[in-house]
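First up is the structure itself, then whatever we jot down about it.
So you know, we letter chains A, B, ... as the sequences are listed, proteins then strands, and number each from 1. Quick caveat: nothing in here was measured; it's all calculated off a predicted structure.
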Number of protein chains: 2
Amino acid sequence: MLTFKQLRYFIAVHQHRHFGNAAEEVCVSQPALSMQIRDLEKELGLCLVERNARSIRITPEGEEIARRANQILREMQDLKDYAKHAASPLSGIIRLGVIPSLAPYILPKLLPALIKQYPDLQLNLRETLTASLVSELKHGTLDVILAALPIEEPDLEEVPIFEDHFLLAVSSSRNIDERKRMGADDLHGENLLLLEEGHCLRDQTLSFCGSIGQNQSANVGATSIATVLHMVAAGYGVTVLPEICADTEIADDRITLLRFAEPQPSRRIGLIWRKTSPKSEDYMALARCLRNVTN
Amino acid sequence: MLTFKQLRYFIAVHQHRHFGNAAEEVCVSQPALSMQIRDLEKELGLCLVERNARSIRITPEGEEIARRANQILREMQDLKDYAKHAASPLSGIIRLGVIPSLAPYILPKLLPALIKQYPDLQLNLRETLTASLVSELKHGTLDVILAALPIEEPDLEEVPIFEDHFLLAVSSSRNIDERKRMGADDLHGENLLLLEEGHCLRDQTLSFCGSIGQNQSANVGATSIATVLHMVAAGYGVTVLPEICADTEIADDRITLLRFAEPQPSRRIGLIWRKTSPKSEDYMALARCLRNVTN
DNA sequence: TTATATTCATAAGATATCCTGATCCTTATG
DNA sequence: CATAAGGATCAGGATATCTTATGAATATAA
């Protein structure tokens with residue numbers, strides 16, 4: 001069996017052209033080094049060093065082997081360097097999945113903070129519906145996901161990040177006093193605009209509103225919150241908007257945001273990973289970072 | 001210390017995603033493999049495999065390490081292949097030095113025969129004067145040289161290849177009967193044309209002819225036999241020509257070749273290498289091949 | 001719920017490998 | 001001829017590695 005050690009020793013001999021000095025460089029006795037070189041030559045079936053009472057000489061094949069061995073050792077070192085780099089806390093690759101009703105609003109806050117605090121971290125992002133995220137997380141294609149709790153899978157760990165209150169977005173043309181606190185029953189008869197099937201936000205909205213207005217709205221199925229809000233602005237109906245989206249989306253004064261009466265409805269955003277994942281520590285740190293940017 | 005074994009075992013795990021099967025592939029027991037993987041992870045300070053009672057999962061870092069490890073093992077295999085290739089008899093690189101009065105005549109015969117018989121052999125050629133060849137041979141820049149014997153260096157081995165008779169090349173305008181056998185004294189008063197200083201052929205010619213004609217010819221010093229023969233053809237004098245050159249050089253009917261009387265003068269061509277060289281066997285085979293093409 | 005099977009981890013003892021230190025052999029040098 | 005230098009060889013002990021047996025955790029089946 002060809003070993004790394006043999007190559008290392010041979011390279012030392014190649015550099016020093018002297019067994020004794022080479023042995024010193026690799027911190028073994030000269031016989032130990034001689035034996036490894038002998039083994040290497042036997043292994044390769046090839047004479048690498050021409051011994052000659054007074055001095056030694058590397059054969060042409062030895063030169064070629066040394067060249068290749070050097071290349072191999074270099075890559076070996078690269079591998080170790082990569083590992084060392086990847087081993088420092090919150091560094092290396094983390095594959096993060098985020099739900100669509102969160103990604104565009106939280107990532108612009110999260111990414112700059114992460115880069116600043118953990119410059120060695122490389123984040124691979126994926127944005128899709130909760131069901132896919134959970135499946136990919138369990139399958140190992142993702143390392144950690146950011147979604148609405150609860151997921152409640154037995155082998156997944158989940159920690160809450162923040163409580164995202166729901167607001168009611170209505171057309172400004174209605175002239176409703178912004179200070180008014182809405183109740184679920186205020187949605188009676190309203191055309192409730194929703195995201196398409198599969199979005200957790202849609203389900204949360206419906207479960208909060210009960211079956212009220214479901215008949216008018218179930219068939220809307222917009223693909224993004226921005227789309228829904230455009231429809232609200234145009235007067236087609238109302239929608240329930242997570243607070244985290246408010247900053248980004250509401251530059252439009254044709255929309256008025258109304259708070260619900262206490263207890264305000266909300267969704268709980270959390271970070272989820274496999275209980276067996278080796279980087280739980282890192283995900284906890286990621287969770288802290290997320291709490292800081294969402295405070 | 002990072003070892004190849006660890007990488008090999010890890011790659012098996014990466015492929016099978018199963019410790020038991022991976023262990024089978026690399027022909028060790030499962031605990032042995034587990035321990036090597038554990039050592040590798042400890043060595044790299046990095047979790048590569050996420051264990052999970054029922055199944056295992058390679059971490060993103062593990063994927064990257066596997067990619068690099070594969071690359072390293074591939075190069076390792078290349079190195080072994082190279083060695084195997086180089087180890088077969090008369091294969092690999094041989095650096096051969098040849099004297100100028102031999103190279104153009106013997107190489108066209110030798111090379112095709114060598115390629116046919118030993119397709120794995122790669123010959124690096126160098127053509128220069130004997131003194132340089134011997135020096136480079138002793139220094140290890142060359143592996144074997146083809147020159148006129150004797151060299152008689154204590155640490156060089158020399159084997160004769162063939163006896164190269166000298167012929168006298170004269171202008172055809174002299175109308176000498178080709179059947180006449182010449183003696184050294186027939187060169188009296190002739191303008192003897194010679195190669196420049198340092199060529200063994202020049203020294204051999206002079207030593208055979210004694211000091212006769214030396215006064216006229218010592219200052220000629222042509223750089224090649226072809227040049228000397230052009231001068232003979234043009235009627236400037238005569239020269240002593242090794243028989244091996246005759247085939248190639250004498251397409252010119254302005255030159256007549258005359259044989260010397262017995263004992264015919266000659267040079268003994270031989271193959272020379274370092275006694276300590278690991279490829280003596282190969283050089284013996286090379287010598288046999290040379291004898292075949294010169295018979 | 002209990003038994004069984006699967007899968008990786010751990011432990012103990014056997015084995016193979018590797019290293020050290022002493023010594024030998026060959027050859028160059030004064 | 002004696003000495004020094006440089007690599008090879010050898011014996012014994014230290015390390016590392018392997019195997020077998022067993023354990024622990026969890027999923028699957030009865």
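Between the C1' atom of D:dA8 and the CD atom of A:Glu50 lies a distance of 16 Å, rounded to the nearest Å. The CD1-P distance, from A:Ile37 to D:dG6, rounds to 17 Å in whole Å. Going from atom CD of A:Glu24 over to atom P of C:dT20 covers 12 Å, rounded to whole Å. Rounded to whole Å, the distance from CG on A:Leu33 to P on D:dA8 is 9 Å.
Defined by atom type and a distance below 3.5 Å, a donor-acceptor pair is present between the side-chain atoms of A:Ser34 and A:Gln30. Judged purely by distance below 3.5 Å, without hydrogens or angles, the side chains of A:His14 and A:Glu63 pair a donor atom with an acceptor atom. Looking at B:Glu50 and B:Thr59, their side chains never bring a donor and an acceptor atom within 3.5 Å of each other.
Between A:Asp78 and B:Arg68 there is a side-chain heavy-atom pair separated by less than 4.5 Å. The closest side-chain heavy-atom distance from B:Leu149 to B:Arg267 is not below 4.5 Å. B:Tyr283 places a side-chain heavy atom less than 4.5 Å from the side chain of B:Lys279.
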Anything under 3.5 Å between a protein N or O and an N or O of nucleotides 13-18 of chain C, put it in a table, one pair a line.
residue: C:dC18; atom: O3'; partner: A:Lys5; partner atom: NZ; Å: 3.3

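Contacts classified as salt bridge (Lys or Arg N to Asp or Glu O under 4.0 Å) and involving residues 21-34 of chain A (residues at least two apart or in different chains) are not found.
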Summarise protein proximity over nucleotides 4-10 of chain C in one line of letters, 5' to 3': B for base, S for sugar-phosphate only, - for none, counting protein heavy atoms closer than 4.0 Å. --BSBBB

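Ion pair A:Glu41/A:Arg51 flagged as a salt bridge, since at least one NZ, NE, NH1 or NH2 atom sits closer than 4.0 Å to an Asp/Glu carboxylate oxygen.
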